Amino acid sequence: MSEPPLLNLFLGLREAGLPLGIDQYYLAEEALLQSIEAGLDIADKQAVARLCQTVWVKSRQQQRLFNQCWNEILSYPARFSKSPIIDSPNSKKSARSKPSSSDKSKPLNTIEENQNQPEEEKQEVSLTPASSDAAVVVTSVSTKLKEGDYFPVRRQQLRRGWRLLMQKLPGSIPSQIDIRETVTDVAKRGFFLKPVLTAPQIQYREVVLLIDQKGSMVPFHPFCRQLVEIWQGAKIYYFRNSPTEELYHDSQCWQGESIKSILRRFSQKKTLVVIVSDAGAARRRTVPSRWEETVDFLAMLTPRVNKVAWLNPLPRFHWRNTTAKFIAEVNSLVPMFALESAEYQQMLQWLFDGKPSIKSFLKQAEKKAIEKEPFGSFNIWEIEEYNAKGQIEAFGIMFREAHLNFAYHAAFPLVLTPDLLYCLWWKFFKESEFKESETPWYVVANLLLSDLCREVDTELYEMEREVRNELLRLCQEKFGEQRLQELSQFLIEYINRQFKKHQPNSLSFDLLQVQQWTALAYIKKGDEAAKELAEKLRQAYLQSNKAELVRLSEVIETLAEPLREKYEPLLLVARGYGALARGDEKGRVDAQDELDKLGFRETVNVQGVVLERPITLDKIFSFEVVTVNRRGKIIKQVTKQARYFIEDLGDNINLEMVAIPGGKFMMGSPDGEGDNDEHPQHDVTVQPFFMGKYLVTQAQWRVVAKLPNIERNLKEDPSNFKGDDLPVDSVSWYDAEEFCKRLSQKTGRQYRLPSEAEWEYACRADTTTPFHLGETITGKLANYDASNIFADEPKGEYREKTTSVKTFTPNAFGLFDMHGNLWEWCADVWHENYEGAPIDGSAWMVKIDNDNQLRVLRGGSWNNYPEGCRSANRSRLYPDVGLDDNGFRVVCGAAARIL
């Protein structure tokens, strides 16, 4: 292109939605001429583009539209005039010139001319806003690939057809400025003389879409949504299989309205109806009741409207021996067209004037369809066994090798959607060594509606595990290991585009994760998939989420083939968790026995994720939680529940561990509150874990202290205050660590001290007040020096000793004594503030030389003022010191992080 077609660009931008008028064109023309006189090289396309942008573009959206139109002109120079700078309207009759009022068939010439052009020339430059090009796909998993790219009738053709249907006829009296003709006149003369007037345009057609939404039409939902999106001005109604008494205003078919009521609003002169349905062709069967219902409906519809056309998404030969074939022949006023480019153009022709030549075209199309080879057939008794192999054999007999090749590839994703499979078809069959004619686009529908797949939700399908594994085996056998790697890469790229569109914890997000694990499991990133699966499994187990445990165990079992070689223990743990969630005690024990045989008698470590042996988490306890105001008065009292498990320590002594849900909280004190070491306040995300319901008691301490040494000796009775139900006191940080190690060795689970973040998260229990009890505490609700007050509460008792761990009410997580009684050791090394603190809930550690640095204590004690018992308050002590105001409680969860 030696010179830019300024007029074409101007008109294209107006069609795309830019509010350009005559003055803007004239201004751009003047600016361009002046720039040429000043030395602008007209062959410098970028310079010309910048000049036009300066004059016409006012926003980012307009910039995008400009770039689109400019690139289209550069891409298709042959479609535009090559006269100097401006097209002359006299050089040839413009294809865009308005039709005369007496020539209503003018648009038909455009259709007929395009029909004989090659596909590349048929596609006109897209001049619509970018937002309308983005396919609105409401599926479980959507795609960035335009849906029009994989259907026989492209988005361009749909858009062009809609424009033709919606063309307006001119009125009789010229009274409006025709900007297009006026600008063309300016371009011709080189100056503005007077405006060109035109008669106002009157819309004379009303288009109605009746869309079949159920059953065999599900694989074609993406096309239907595309049609609705592009034909935005049409009236849309939905029906199930065949219209009977109601049509629906929504695609879910909930908001119904009687057919008679809707038909009364149609016009014999203006209303054009397009019915979109496979008419039963997709399932390749004849349903007499559907045929009868359709005949009755068409008899009601045709007298009330101008024209009716039936658009069937499947090719004509696919209708053979189905209900579609009978419906296509039942009413000469309702011709049925296949979703193919030529037939779509003929459908538009029919809607315009219903010429007899169209019926001749359909007869020829039917003759060609008869010449095509039909689908195969089989007798189920001829299949040796209708298991996974038998079903695949039957599918191959029915649809031939090309469809089988597609099924091999489609077995790779765990969950199938029409949209995903269209993308897969495009990637591996349309743009690869396979010929499109051998593996046509409707292979997606044939597969999804076959016995190889089952619909589990709207636009959501899956294959039976045995079928999927057999298809993947055959895929690898025929196409090699490299093809599985290519499928993995395709799925990962596809999924990465989707994660931005879906919220975490949504169904769509979970499905995407499953697909990602599938892809990762088959490539070198299998370790990453195993780690993510193990972490999800751990969280579900700690939260006692039975539904999630069952789901994950099924997912991992489905991925057994790629995972088994390296991650057999993960498969066994998942199997045990799934059995536990389902109440299958035998299955749980069998999984445990298999783990024992592999030498995993305590825990299983999968890429750093520690999985506990399955134990029952069905125990629930109820408790009362109170909230007080500044005066210490109880203003709220609710009943809560928490899950927990019991660890048998021996000697009839148990340890109760409460499940703490994961979550996010603000750690520390806000500005203006608390001590300097409680700042800056920061967001922390904590994973689920278990925490001791009570401080470790003296009875529990004695049992564990008798166990074999790990690293140091433990006194059996170190406490200053005596009593089995009293918390053990006077223990150092090293003593508490030794206790955890002995307990871990005995039980096979990893016990440890909590991180400081875990402790504060557990203490607050979703509160943000100074205490989990509210704005203050009282001596009736906690053990501390209540002779001093924090707010406006009355003074209370100063007991000067520890109390039984079951004396006071727990917090909302079911934990006792989180304020007062004894300071509690945490795993963290002491830091003066939270600058640089972890935000993932892990312990804040450093590389320790002498291993005698200060450690963190939390919660306050029996001899502290209320200020020292706040949720955010911190203290420290050397790890080898044990005082009578400090103790500890244990947790079971992820290990601390070493920095």
Side-chain angles (χ1 to χ4, degrees), residues 649-651 653-656 691-744 746 751-754 756 759 763 782-786 797-808 815-830 843 850-865 868-869 873-891:
L649 303 182
D651 294 343
I653 303 299
N654 295 323
L655 175 66
E656 297 179 55
M691 193 173 212
K693 188 178 189 179
Y694 310 108
L695 286 154
V696 172
T697 66
Q698 294 178 29
Q700 293 166 341
W701 175 271
R702 281 197 300 271
V703 173
V704 175
K706 293 176 183 178
L707 297 174
N709 288 11
I710 302 295
E711 292 182 358
R712 60 190 285 120
N713 294 325
L714 292 178
K715 295 179 181 179
E716 289 189 21
D717 187 15
S719 300
N720 179 41
F721 306 105
K722 306 299 182 182
D724 286 353
D725 242 6
L726 296 180
V728 64
D729 64 74
S730 304
V731 293
S732 69
W733 185 88
Y734 292 131
D735 292 336
E737 281 280 293
E738 176 71 14
F739 179 95
C740 293
K741 291 173 181 176
R742 294 190 191 186
L743 184 58
S744 299
K746 173 180 172 60
Y751 284 94
R752 59 180 177 83
L753 292 175
E756 189 176 9
W759 191 97
C763 176
N783 180 22
Y784 65 101
D785 183 359
E797 179 183 2
Y798 176 28
R799 298 177 178 84
E800 302 186 54
K801 61 180 179 180
T802 59
T803 53
S804 167
V805 294
K806 301 177 182 179
T807 302
F808 303 104
L815 303 175
F816 291 73
D817 284 335
M818 297 303 283
H819 297 310
N821 216 5
L822 286 179
W823 286 101
E824 301 184 25
W825 285 112
C826 293
D828 305 57
V829 171
W830 172 258
N850 57 19
D851 200 22
N852 200 39
Q853 298 185 41
L854 292 166
R855 295 305 201 278
V856 175
L857 291 155
R858 285 302 206 107
S861 73
W862 55 268
N863 68 350
N864 280 99
Y865 293 165
C869 299
N873 188 59
R874 308 172 68 212
S875 188
R876 71 274 193 190
L877 192 64
Y878 284 105
D880 57 353
V881 177
L883 304 176
D884 64 2
D885 63 354
N886 63 267
F888 69 103
R889 75 178 73 215
V890 296
V891 300

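Everything numeric in this text was worked out from a predicted model, so none of it was measured. As a basis for the values below, the full set of heavy atoms in this structure was taken, side chains included, without hydrogen atoms, waters or symmetry mates.
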- Hey, could you give me the CG/CD distance between D724 and Q700, rounded to the nearest 0.5 Å? 10.0 Å
- Given the rule in the side-chain hydrogen bond (donor to acceptor under 3.5 Å, both in side chains) test, do D729 and N720 qualify, once you have shown the distances and angles that lead to the verdict? CA-CA 7 Å; D729 64 74; N720 179 41; 5.4 Å; no
- Message: I want to check something: taking the side chain as every heavy atom from C-beta on, are H819 and C763 in contact at a cut-off of under 4.5 Å?
- Response: yes
- Message: Could you work out, with side chain to side chain donor-acceptor pair (under 3.5 Å) as the rule, every residue matching E656, not counting sequence neighbours?
- Response: K693
- Apply salt bridge (Lys or Arg N to Asp or Glu O under 4.0 Å) to K746 and list each qualifying residue two or more places apart in sequence or on a separate chain. none
- Does the pair E824 and R889 meet the rule for a salt bridge (charged side-chain N to carboxylate O under 4.0 Å, His left out), with working shown? CA-CA 7 Å; E824 301 184 25; R889 75 178 73 215; 2.8 Å; yes
- Chi angles and distances behind the side-chain contact (heavy atoms from CB on, under 4.5 Å) call for V704, V696: CA-CA 11 Å; V704 175; V696 172; over 6 Å; no
- Message: Tell me the closest heavy-atom pair linking T802 and N821, and the distance in Å.
- Response: CA-OD1, 3.4 Å
- Message: Once side chain to side chain donor-acceptor pair (under 3.5 Å) is applied, do any residues pair with E737, and if so which ones, sequence neighbours excluded?
- Response: none
- Message: To the nearest 0.5 Å, what is the distance between SG on C740 and CZ on R752?
- Response: 9.0 Å
- Item | Pairwise side-chain contact, P718 with V728, heavy-atom cut-off 4.5 Å (strictly under) | yes
- Item | For D735, all residues meeting side chain to side chain donor-acceptor pair (under 3.5 Å), sequence neighbours excluded | R712, S732
- For R855 and V829, run side-chain contact (heavy atoms from CB on, under 4.5 Å): C-alpha distance rounded to whole Å, both residues' side-chain angles, the deciding distance at 0.1 Å, then the answer. CA-CA 5 Å; R855 295 305 201 278; V829 171; 4.1 Å; yes
- Note on the structure: Applying side-chain contact (heavy atoms from CB on, under 4.5 Å) to Y865 and not counting sequence neighbours gives D785, N788
- Item | Donor-acceptor contact present, side-chain E738 to main-chain E711, <3.5 Å | yes
- Message: Can you give me the closest heavy-atom contact between G887 and V731, atom names plus distance?
- Response: CA-CG2, 4.2 Å
- Can you check whether V805 reaches F816 side chain to side chain, under 4.5 Å on heavy atoms? no
- Does the side chain of D817 reach to within under 4.5 Å of the side chain of N783, using non-hydrogen atoms? no
- Compare all side-chain heavy atoms of N886 with those of W733 and state whether any distance is below 4.5 angstrom. no
- Item | Which residues share a side-chain contact (heavy atoms from CB on, under 4.5 Å) with K806, sequence neighbours left out | Y694, D725, S804
- Query: D828 side chain to E756 main-chain N or O, any donor-acceptor pair under 3.5 Å?
  - Reply: yes
- Note on the structure: Residues at least two apart in sequence or cross-chain that pass ring pair (Phe, Tyr, Trp, His ring centres under 6.0 Å) with W701, listed by chain then number, are F739
- Would you confirm whether R742, through its side chain, and A705, through its main-chain N or O, come within 3.5 Å as a donor-acceptor pair? yes
- Message: Which residues pass the salt bridge (Lys or Arg N to Asp or Glu O under 4.0 Å) test with R799, not counting sequence neighbours?
- Response: E797
- Message: A cation-pi test, strictly: NZ or CZ of R874 under 6.0 Å from the centre of the six-membered ring of W830 and no more than 45 degrees from its axis. Yes or no?
- Response: yes
- Task: Would you please test L753 and F888 for side-chain contact (heavy atoms from CB on, under 4.5 Å) and show each step?
- Result: CA-CA 8 Å; L753 292 175; F888 69 103; 3.9 Å; yes
- Message: Any non-hydrogen side-chain atom of V856 less than 4.5 Å from a side-chain atom of R876?
- Response: no
- Item | Residues forming a side chain to side chain donor-acceptor pair (under 3.5 Å) with N654, sequence neighbours excluded | none
- Task: Could you tell me whether R702 and D651 make a salt bridge, using a distance below 4.0 angstrom between a side-chain N and a carboxylate O?
- Result: no
- Item | Separation between CG of L695 and CE of M818, rounded to the nearest 0.5 Å | 8.5 Å
- Query: How about V891 and W759: do any of their side-chain heavy atoms sit closer than 4.5 Å?
  - Reply: no
- Item | Closest non-hydrogen atom pair, Q698 against D717 | OE1-OD1, 4.3 Å
- Task: State the CG-CG distance between L649 and L743, to the nearest 0.5 angstrom.
- Result: 6.0 Å
- Task: Using atom types as modelled and distance alone, determine if a side-chain donor or acceptor of T697 lies under 3.5 Å from a backbone N or O of L726.
- Result: no
- Min side-chain heavy-atom separation P754-M691 under 4.5 Å: yes
- Item | Residue list, ring pair (Phe, Tyr, Trp, His ring centres under 6.0 Å) with F808, at least two apart or on another chain | none
- Check ring pair (Phe, Tyr, Trp, His ring centres under 6.0 Å) between W862 and all other residues, then give those that pass, not counting sequence neighbours. F721
- Listed by chain and number, what are the side-chain contact (heavy atoms from CB on, under 4.5 Å) partners of N864, not counting sequence neighbours? W823, S861, C869
- Message: Please check this pair: side chain of T807 against backbone of T803, looking for a donor-acceptor N/O pair closer than 3.5 Å.
- Response: no
